[in-house]
Each structure stands twice: as structure tokens, then as C-alpha cells.
Participant: 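One structure coming up, written as C-alpha cells, with questions to follow.
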Amino acid sequence: MIDDAVLSLRDAAVSVGGRLLWSGVDLSVRPGEFVAVLGPNGVGKSTMIKVLLGTLPAAAGSVTVLGERPGAAGEQIGYLPQRRNFDGSLRIRGVDVVRLGLDGDRWGVPLPFARRFSSGRRIADERVREVIDLVGASAYAHRPIGECSGGEQQRLLIAQALVRRPRLLLLDEPLDSLDLPNQAGIAALIHRICVQEQVAVVMVAHDVNPILSYLNRVVYIVSGGAASGPASEVITTETLTRLYGTPVEVLRAADGRLVVVGGPEAPALHSDRHADHHSHEHGDRHEALR
């Protein structure tokens with residue numbers, strides 16, 4: 001059988017400034033699969049994205065992306081960095097933000113003999129409309145981006161990352177700073193893109209709960225180590241206790257959310273700002289899995 005993996009990591013490790021961030025990562029992602037990178041702050045979740053983009057070399061092991069070394073297939077990768085805040089007075093339209101993903105490398109530079117490229121521009125315009133419709137942003141795409149809500153802006157930025165028809169989509173905390181309804185909507189959108197467009201998605205996340213039901217696998221990173229596999233096998237009392245080297249218990253709250261119970265330094269990713277009642281009720285030892 002031909003290996004159709006979009007990306008593959010074998011016993012991969014990464015170091016920054018001589019400090020080992022994580023090691024022993026084994027991961028294979030195929031078209032249409034959705035993988036989350038989880039872990040506490042400062043352990044190197046976003047460095048996973050940098051390694052896949054080719055901007056940071058692996059310190060050990062092997063990494064291939066779209067059958068090549070990282071960084072060699074950039075046009076086939078859609079990338080959404082950590083959320084940026086658009087000034088409310090920014091007048092650039094949402095549709096123009098999406099278009100930047102298609103021709104941003106020549107944005108503002110007039111093309112000579114423009115009439116010769118009119119058919120190409122029509123094709124580009126059609127693709128921009130198509131991807132805006134795909135993310136459900138048609139109703140507000142012609143409004144200034146600064147006037148759009150956080151969830152609307154995030155949909156337009158996802159459209160920007162998709163406009164070149166990537167085979168791999170890398171998302172760095174796309175749900176951060178969104179309220180719960182928008183988190184749910186964006187999570188469902190990403191899953192639909194996976195299935196409908198057969199795009200492989202690797203997403204760095206603080207909170208696994210909004211995406212838990214959609215995931216094929218997770219990579220859980222702690223200081224120096226990692227575990228990967230189905231969420232049901234990785235986000236467990238046994239696995240997290242081994243990774244953290246301290247007793248950890250994984251519980252399911254009444255609302256279905258996963259909750260980590262740990263020691264003095266809670267091994268959850270960070271406190272859940274949308275479910276403060278958990279920490280108020282149970283104290284610092286209980287946190288939603290973020």
C-alpha cells in the first residue's frame with residue numbers, strides 16, 4: 001500500500017536555545033484527518049507548527065511534509081498564525097483580506113498588460129468567492145474587517161488560509177479569545193473543511209473540549225516529552241500521570257467537558273476562562289482541560 005501521509009514525524013525532537021522542548025513524537029497525518037497539539041503553556045506547542053513549516057529544524061528524528069523536507073512545499077500549506085486583533089477603524093474589506101492569501105506576494109504592485117490577465121483575475125475572483133462561501137462568510141465579506149466580530153474575522157482568516165487549495169492546514173490556537181458559541185462554530189467549520197475538502201489539519205489548542213468529538217488523534221506535549229494517539233488513549237489518568245511525573249486524574253464533568261485534577265501545580269493547560277465555576281467550586285486543583 002502506498003503511504004499517502006500528508007506529514008510524518010518519526011521520533012522527532014526539538015530544542016530551542018539548547019533546551020529540549022519535546023522529544024519522541026511519532027505522528028502520521030493523512031488527507032481529511034484532524035489532529036490537535038495540546039499541552040501547558042511554554043512547552044513548545046507552537047514550535048510544532050514551526051517545524052512543519054520548516055522555519056525551525058528538528059533536533060532529532062525525521063520530519064517529512066507532503067513527501068518532502070519541511071519548507072519545500074509551502075504553496076500547498078495553509079497557515080493561520082495565532083490570532084491577531086484588527087483595529088476597529090481598519091477599512092480593508094474582508095474579501096480583500098481573503099484575496100491576500102492568493103496574491104498577497106504582489107499586493108499593491110500593478111501588473112503590466114493587465115488585460116492579458118483578465119481571465120486569470122476572473123478565475124481568482126471566483127476562487128475567492130468560493131472559499132468565502134465555504135466558510136460561511138458571504139454575508140459580511142464586503143464589510144471592513146475591523147467591523148466584523150471575532151468569529152467573523154476568524155472565518156475570513158481561515159478562508160485566506162484555504163484560498164490556494166492547500167493539502168495541509170496549520171492552525172495556531174484559532175479558538176483563542178472566542179466565546180463558546182464561536183468556538184463551537186469554528187471547530188465545526190474546521191471539521192467540515194477536513195471532510196469536504198480532504199485537507200489534513202494540525203491545530204494547536206489550549207482547550208480540547210470544543211474539538212474533542214472531531215479529532216482523529218492528539219499530540220500531548222509536556223516539558224521534554226510527548227504522547228500521541230487517539231484522544232481516548234492519550235488524555236487519560238495513566239498517560240498524563242506518566243507524562244507529568246505526578247499524580248493526575250482525568251474526569252468528565254457533568255456538561256461532558258474533560259477536567260484534569262492535579263497536584264499543587266495543576267497539569268491542565270491553563271484555567272478555563274469560560275468555565276470558572278469549575279475552579280471556584282473545586283479549588284486550584286481542578287481545571288478544565290486547556
Participant: Would you say Leu258 ends up clustered with Tyr244 if hydrophobic residues are merged whenever their side chains have heavy atoms under 4.5 Å apart, either directly or through other cluster members?
Facilitator: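 Linked within one cluster.
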Participant: With a 4.5 Å cut-off on side-chain heavy atoms, are Ile211 and Leu175 touching?
Facilitator: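 Yes, side chains in contact.
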Participant: Would a 4.5 Å heavy-atom cut-off, applied to side chains only, mark Arg99 and Arg93 as touching?
Facilitator: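 Side-chain contact under 4.5 Å: no.
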Participant: Are the side chains of Thr47 and Ile221 in contact, using a 4.5 Å heavy-atom criterion?
Facilitator: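 The answer is no; the side chains never approach within 4.5 Å.
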Participant: Assess whether side-chain contact (heavy atoms from CB on, under 4.5 Å) is satisfied between Arg69 and Thr64, documenting all intermediate values.
Facilitator: CA-CA 5 Å; Arg69 60 175 177 78; Thr64 58; over 6 Å; no
Participant: How many angstroms lie between CZ in Arg30 and OG in Ser8, if you round to the nearest 0.5 Å?
Facilitator: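 Between atom CZ of Arg30 and atom OG of Ser8 there are 8.0 Å.
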Participant: Side-chain contact, heavy-atom cut-off 4.5 Å: Leu215 with Met203?
Facilitator: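 A side-chain contact under 4.5 Å is absent here.
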Participant: Checking Thr239 side chain against Glu233 main chain: does a donor-acceptor pair fall under 3.5 Å?
Facilitator: yes
Participant: To the nearest 0.5 angstrom, please state how far the CG atom of Leu169 sits from the OH atom of Tyr79.
Facilitator: 11.5 Å
Participant: Just so I know, are the side chains of Pro70 and Leu52 near enough to count as touching, which here means a heavy-atom distance under 4.5 Å?
Facilitator: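 Not touching, per the 4.5 Å side-chain cut-off.
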Participant: Side-chain heavy atoms under 4.5 angstrom apart, residues restricted to Ile, Leu, Val, Met, Phe, Trp, Tyr: same cluster for Tyr140 and Ile92?
Facilitator: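 Yes.
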Participant: Tell me, with the steps shown, if Val6 and Leu66 meet side-chain contact (heavy atoms from CB on, under 4.5 Å).
Facilitator: CA-CA 5 Å; Val6 174; Leu66 297 164; 3.6 Å; yes
Participant: Any side-chain to backbone donor/acceptor pair from Arg164 onto Gly101? Under 3.5 Å, distance only.
Facilitator: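 Yes, because the side chain of Arg164 sits within donor-acceptor range (under 3.5 Å) of the backbone of Gly101.
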Participant: Give me the atom names and distance for the closest heavy-atom approach of Val135 to Ala159.
Facilitator: CG2-CB, 3.8 Å
Participant: Taking Gln160 for its side chain and Val97 for its backbone only, find out whether a donor-acceptor pair lies under 3.5 Å.
Facilitator: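 Checked: pair present.
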Participant: So which atom in Cys194 and which in Phe34 form the shortest heavy-atom distance, rounded to 0.1 Å?
Facilitator: SG-CB, 3.8 Å
Participant: Can Val218 be reached from Tyr214 by stepping across I, L, V, M, F, W or Y side chains whose heavy atoms are under 4.5 Å apart?
Facilitator: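 Looking at the clustering, Val218 is in the same group as Tyr214.
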Participant: Counting N and O atoms only, with roles assigned by atom type, does the side chain of Thr241 sit under 3.5 Å from a partner on the main chain of Val248, one being a donor and the other an acceptor?
Facilitator: yes
Participant: Does the Ser228 side chain pair with the main chain of Val25, one donor and one acceptor, at a distance under 3.5 Å?
Facilitator: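 Not a single qualifying donor-acceptor pair exists.
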Participant: Report yes if the side chains of Leu134 and Gln196 come closer than 4.5 Å at any heavy-atom pair, otherwise no.
Facilitator: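 Of all side-chain heavy-atom pairs linking Gln196 with Leu134, at least one is under 4.5 Å.
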Participant: Looking only at atom types and distance, does a side-chain atom of Lys45 sit under 3.5 Å from a main-chain N or O of Gly39, one as donor and one as acceptor?
Facilitator: yes
Participant: With clusters defined by side-chain heavy atoms of hydrophobic residues (ILVMFWY) lying less than 4.5 Å apart, directly or transitively, does Leu102 cluster with Val131?
Facilitator: yes
Participant: Find out whether Val16 and Leu56 are in side-chain contact, i.e. whether some heavy atom of one side chain is under 4.5 Å from a heavy atom of the other.
Facilitator: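 Sidechains of Leu56 and Val16: in contact.
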Participant: Could you check whether any side-chain heavy atom of Leu180 comes within less than 4.5 Å of a side-chain heavy atom of Gln183, counting everything from C-beta outward?
Facilitator: yes
Participant: If you take all heavy atoms of Ala187 and Pro210, which pair is closest and at what distance?
Facilitator: CB-O, 3.5 Å
Participant: Distance from Asp96 atom CG to His142 atom NE2, nearest 0.5 Å?
Facilitator: 8.5 Å
Participant: Would you say Glu173's side chain and His206's backbone share a donor-acceptor pair under 3.5 angstrom?
Facilitator: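 No, the answer is negative, given that no donor and acceptor are paired below the 3.5 Å cut-off.
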Participant: Do Glu147 and Arg91 sit within salt-bridge range, that is, some charged N less than 4.0 Å from a carboxylate O?
Facilitator: yes
Participant: Just by modelled atom types, is the Val163 backbone N or O under 3.5 Å from a matching donor or acceptor in the Arg127 side chain?
Facilitator: yes
Participant: I need the minimum non-hydrogen distance between Gln153 and Phe86, along with the two atoms involved.
Facilitator: OE1-CD1, 3.3 Å
Participant: Is the side chain of Thr237 donor-acceptor paired with the backbone N or O of Val250 at a distance under 3.5 Å, no angle test?
Facilitator: yes
Participant: Set out, in order, the CA-CA distance, both residues' side-chain angles and the distance that settles side-chain contact (heavy atoms from CB on, under 4.5 Å) for Ile235 and Leu38, then state yes or no.
Facilitator: CA-CA 10 Å; Ile235 308 176; Leu38 308 168; 3.8 Å; yes
Participant: Measure the CG-CD1 distance between Leu171 and Ile49 for me, rounded to the nearest 0.5 Å.
Facilitator: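 Those atoms lie 7.5 Å apart.
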Participant: Val195, Val201: one ILVMFWY side-chain cluster at the under-4.5 Å cut-off?
Facilitator: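 In one cluster: no.
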Participant: Which heavy-atom pair separates Ala227 from Arg242 by the least distance, and what is that distance?
Facilitator: CB-NH2, 4.1 Å
Participant: Measuring from Gln154:CD to Ile190:CD1, what's the distance to the nearest 0.5 Å?
Facilitator: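 So the gap between those two atoms works out to 8.0 Å.
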Participant: Is Asn216 reaching over with its side chain to a backbone N or O of Val35, donor-acceptor style, under 3.5 angstrom?
Facilitator: no
Participant: Taking salt bridge (Lys or Arg N to Asp or Glu O under 4.0 Å) as the cut-off, I'd like each qualifying pair that reaches into residues 131-143, sequence neighbours left out, listed once.
Facilitator: Arg143-Glu152
Participant: Within this structure, what is the CZ-CD1 distance for the pair Arg155 and Ile186, rounded to the nearest 0.5 Å?
Facilitator: 4.5 Å
Participant: Could you report the tightest heavy-atom contact between Gly44 and Leu21, atom names first, then the distance?
Facilitator: CA-CD1, 4.1 Å
Participant: Between Leu27 and Leu7, does a side-chain contact (heavy atoms from CB on, under 4.5 Å) hold up when you go through it step by step?
Facilitator: CA-CA 8 Å; Leu27 178 67; Leu7 65 87; 4.1 Å; yes
